[in-house]
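Everything on this sheet refers to the single structure shown next.
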Amino acid sequence: MKKLIATTALCAALPMGAFAQDKPDSLKVGMTTFLTGPASVFGVPARDAMDIMVQNLNDEGGINGVPVEVSYIDEGAGAEALTSEFRRAVEQGGAEVMFASISSGNCQTLAPLAEDLEVINFMWDCGTQRIFEEADYDYVFRTQANATPEMLAAVIYLLKTQPDFETLAVVNQDYAWGRDSWDIFRTALMQFKPDVEIVGEFFPAFGAPDYSTEISRLQALQPDVVLSTSWGGDLDTFVQQASQRGLMNNSTFVLPLAESSLERLGSALPPGQIVGARGDHYFLHPERRDDEDFKSFMSQYEDQTGNITVYSVFHASQALAALEAAYTKAIEENGVEWPSQEQVLAAMDGLEFQGLGRPVTIREDNQGIEAQLMGTSAQNGDYPFATLENIMIFDGAELTAPVGEVSTDWIETLGPEFVDEIEPTTFEN
Amino acid sequence: MNLTTFLLALFDGVSYAALVFIVALGLTLIFGVMRILNVAHGSLYAIGAYATVSLVGWVLALGAAPILAFPLMIVSAILVGVLIGGPVEYLLLRRIYDKPEVLQLLVTFAVFMILEDVQRLVWGTQPYFEAQALRALGNVTVFGVTYTVYQLILLPLVALTLLVGLRFFLRRTVTGKLITATTEDREAAQSIGIDADRVFLLTFVMGAILAGLGGALASPTTSILPGMGADMIVLSFAVVATAGLGQIEGAAIAALMIGMGRSFAIYIWPEVAVLVPYLIMVLVLLVRPEGLFGSPAARKI
Amino acid sequence: MTEPLLETRDLVIRFGGVTAADHVSLKIEAGRNLAIIGPNGAGKTTFLNICSGWIKPSAGSVHFEGEDITRLPPRKIVTRGVARAFQIPQLFTEHTALENLLIAASARDGLRNPLRSMHGIDARDEMMHLLDMVNCADVADRVVVELSEGERKLIDIAVALALKPRLLLMDEPTSGVASSQKDEIMEILIKALSEANVTSVFVEHDMSIVQTYADEVAVWNAGNVQLRGTPSEVLEHPDVIRDVIGEEIA
Amino acid sequence: MSSVTTTAPATGSSPAALSLLWIAGVVLLAAVPFLAPNLQLLVNFALAKGLAVVGVTVLLRAGQVSFGHALFFGISAYIGAFVMASVPGMDFFGILIAGTLGAALAGLVVGLFVVRYRGIFFGMLNLAFSMIFWSILEKFYHITGGADGIRLTRPTVLGMELGRDAFELFLYYTAIVLVVGLGWFTIRWFASPVGQLFQTIKTNETRLEYLGISPRRAMLSGYLLSAALCGVGGILMATAQGVVTPEYVWWVRSAEMVFIAVLGGAGSVRGAFLGALIYEFVRTYASAYAGDVWQMLLGAFLLVIILFAPGGIIGIFERVFARGKGTS
């Protein structure tokens, strides 16, 4: 213990690293991700993917010859450890860019901290749309979409594929995401199809082990559509219990995060349910699956982890792609060996980069514009789990609230015709 | 609320209560005999579930009949009890019986922390699901609502069997009577030649098996994932404290109250469903400090 | 006749089927130490418990200096001037003997200042004196768990006396003490009581103690006072010799 | 039924050498922002948590263990966040007072119920109250922000708007002042008549009653103090953290406080802070360097302390340094 403190104190006394303009030995990045706790279903795949991608990037010479070095911080260790570690990574670890975080709550904590520490921070996975709607940031960027386009894509896909449903019930996890996402979904649905009756709203506890009672209620209510934005073990349990008890025979399920559960659910997810992916994230992405880089990464990932990818892997790829694109752009624009922080920040303006999905652009309010992929589950025997058919990929720009507008206020200005105005690219599978 | 929905809520309440009771049973047994509130009980529950999923998954992958899942649940529970419960009692708890109860409780808390990481190291962070046992029994439809036979009939039946069996064991068998004698007065029991160390070991292993069995029985109905033990332990605490510590029949009734309270809340006022167990516990303890069936410790001067 | 210090009127208490106090009416005069004797299970301790408020009677009442204290909790009765010592000493076992007395003095004086150490309170000398009175000054700084049963009994009484009561209820002050020490303890005790001007009621089994130290004796049997008088009157009574003393010897 | 190994509640002062050592410790803490600025935030968290642990320690002195004291920690933190949100430009001292008073008031309300209980039931009932509050925080998401909690914007200090660095430095020294002041007060309180009467609950409530004192009233005095201490800790944590979440109230957090109290040396005020510092270091560095097994390391650490050093770290510490009978 004593030794540990002594070492840390010593490290603190050392100078903080080289000047920005000199080419450093490496580009240090700190990434917060869930290594423990329920959300590690996203955090661990993202870390594994990041390791592979960074290795690949460095094998090709890194960014302008500088290798990237990522260190990880566990979001599951609690907020105190997270904030201390975030600071440590920036102030002692010499991290030039931070990727934080998965949890929206952590994003809200860390975004102002990053701003105060004047470190570039990519919100690489958190969904809350509030951050840029409530404050302006100079150092914080989101390299992916927020909850608004994710939910709008789900509503529109539902209305395009099943325009005639009359009743809907919701079963969401009882925490901010479950509530926020329902707020957006409901607001949009009421604008696009005001005659829908919402027959049940259930918010079982986060991590609830059993949904028997909710399922009994749903069977009695017989809604045409059941929405659940749950994820991870909660979604698995809910879908398993619902499918076991035949609830899916009469109701269509809309599951905007089910892409991340496809493999685990196996045969338990019946065909005909609507599946989303928090972006255009799908291991058989119809526009990307024949691309060499996509294919080679997918096989690398499967070799190393034994699993198919989930959306957090795509989000990790976008954060890394944004990093590479920003530095490369800053180097080119300024004709330098290595950019200063101001030059990187300037390059972020309107930056376009491509991870595993469609290209993403950074808008003037630092929000990323990302495409959305929705599909319908099919059990066609190609894999021991459900794959998607009738896939639609939505352009993110139309579905994201305009700069300076609050999402729910903006959605309330939309009318039923909005659904028809949106024209996604459609694929059979 | 009409009669049908009333009955439906009742069914849901009973099936939920059954599972909670099985887990709480082990906790209250250990407390009744050893006066230790075992925080690690939740971990044993989780490991029971993990072990079952692994074992069933492995055996069924070899092509065995799904019905084999049931004996494998019992095997997993016993493995948890003997391989984890046994060493915990023998190596740790045995050293602290003369220590203040807060230290005993913290020892079990430390074991809980260790076992949480053990689960993650062994089974990783991805959820598991293995519902062959549940599917093997099929469904039953009541008032147009489909239930699984497993949850509606099997779980309550197992809970009832355990309740009756444990009562019989404690009151009618020699070993059971040794345990009860040790519970009432440890020193007196030792003075008439009862090996209290063995009784404690046996009790703890039994309690741990019950925790494991709870997990095993829960495994086909839920995702097995990190953190499931921490939630279950709080719920079991609520049941055990509501019942009165060490009260086996009381635990059954408290589990039913909490199960019913929860399911009726979901039908009538879903917002409070999460609060129900704690509200019941607080209300009961405010009226009856020793729990529903606990007896006040007489103070003599 | 002056008002009695303590008076019970028609006290009744039943535990299950047993009547531990059966219409007990008893007056205790100030300045006269009353010993209560009687066979085990006759209800002597129960009587003390009722008078001190630990147990509520089924019927009847208890009056202290004319005030009805029947329904008051023990702590309220204590503040009226009735202190209690116990058969098994009730002390703060992790504190020293002196600290036990200082705590009692703090309770008596209602000290509230959270920044002033209890050891610095004004009553410290008084408490040392009290310890000296019960012959325990030499163990003042020892933690109670380390003391002998006899010392603990004396400190238990000193704690009660520290409250400056007018009436002290004692349950077998000499039980658990080596017989060679009993007289010594009683000597100390009676001297301390008279010095502090405290009346006492004590339950006792040792007839020689009763004979020597009581001003009055009440014989308890089957839930009531069978006989009352001076020690010599009572102890020579044939019924008492048969029912009570006989049993004590047996 | 419950009793805890505490250092003797006697009131003798520590030997001079030991006192000097403690003073040196405080000076060292005060020098952290200059010697090791990267540890400042970590130590700040530890001091805030340490104050709450002192709250738990107070109850341990009466032989009682609360498994729900994170309740007061959290109530104070949420009050701070609500006040900041509803009164823009609120001063730090305003929310410090509001949070502490709120925690004390909650302590009074909950205390009136729980002081009737002892041992395991006391612990469980506290747990139940904290879990009810936790569920409410999660449930009434439109008010409480649910699991994401509420952001607590940086308050002004005596009307001055400070930058993050200046504010954190201010907060750090405020924490040290509060720790020294409240730690000193609690030690004095333990030695005072009220504190001594409170501590007798551990050994003999019957005698307490027969001293003319209501054990419940005595218990309530300590319960209020413990709730207020947790409240001060909570508001310090919330302002240092900049966000409050239901995790502040989660039962594991309460158990952690008891954990630290026993780790440091049950019943010792100085031990509580020492324990909190060591705990926070071990936890942070273990999660940084052994992300997969940090809980296991902490658990093993606790086991070793309980089995081999039941006096806690302060016990080891004083055995090594003290000549004579050093206490609390």
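A note on names: the letters A, B, ... follow the listed sequences, proteins ahead of strands, and every chain is numbered from 1.
- For C:Lys56, the NZ atom counts as densely surrounded, since its 6.0 Å shell holds more than 12 non-hydrogen atoms of other residues, nucleotides or ligands.
- Counting heavy-atom pairs closer than 4.5 Å to chain D, the top-ranked of the candidates C:Pro114, C:Ala104, C:Gly110 is C:Pro114.
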Notebook entry, point to check: Is there a side-chain contact (heavy atoms from CB on, under 4.5 Å) between D:Trp184 and C:Leu115 once you walk through the steps?
Noted result: CA-CA 9 Å; D:Trp184 176 80; C:Leu115 293 180; 3.8 Å; yes
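- More than 12 heavy atoms of other residues, nucleotides or ligands shown are found within 6.0 angstrom of CZ on C:Arg71.
- Contact of C:Ile103 with chain D is made through backbone and side chain together, with heavy-atom distances under 4.5 Å.
- For the pair C:Ala107 and D:Leu211, the tightest heavy-atom approach, listed with the atom from each and the gap, is CB-O, 3.6 Å.
- For the atom pair CZ of C:Phe86 and CG of D:Asn204, the computed distance is 7.5 Å after rounding to the nearest 0.5 Å.
- In this structure, chain D has a heavy atom under 4.5 Å from the side chain of C:Ile121, while its backbone stays farther away.
- Contact annotation for C:Pro73: both backbone and side-chain heavy atoms come within less than 4.5 Å of a heavy atom of chain D.
- Interatomic distance, CD of C:Glu94 versus CD of D:Gln199, reported as 9.5 Å (0.5 Å rounding).
- The environment of D:Phe113 atom CZ is sparse: at most 12 non-hydrogen atoms of other residues, nucleotides or ligands sit within 6.0 angstrom.
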Notebook entry, point to check: Between D:Leu197 and C:Leu111, is a side-chain contact (heavy atoms from CB on, under 4.5 Å) present by the stated rule, with each step listed?
Noted result: CA-CA 10 Å; D:Leu197 284 169; C:Leu111 299 172; over 6 Å; no
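- Once rounded to the nearest 0.5 Å, the distance linking CG of C:Asp156 with OH of D:Tyr210 reads 11.5 Å.
- Annotation: maximal heavy-atom pairing with chain C below 4.5 Å, among D:Gly212, D:Ser221, D:Gly195, occurs at D:Gly212.
- Here the closest non-hydrogen pair linking C:Arg116 and D:Pro193 is O-CD, 3.4 Å.
- By number of non-hydrogen pairs under 4.5 angstrom with chain C, the leading residue of D:Thr200, D:Leu208, D:Ile213, D:Val194 is D:Thr200.
- Between the side chain of D:Arg207 and the backbone N or O of C:Gln90 there is at least one donor-acceptor pair closer than 3.5 Å.
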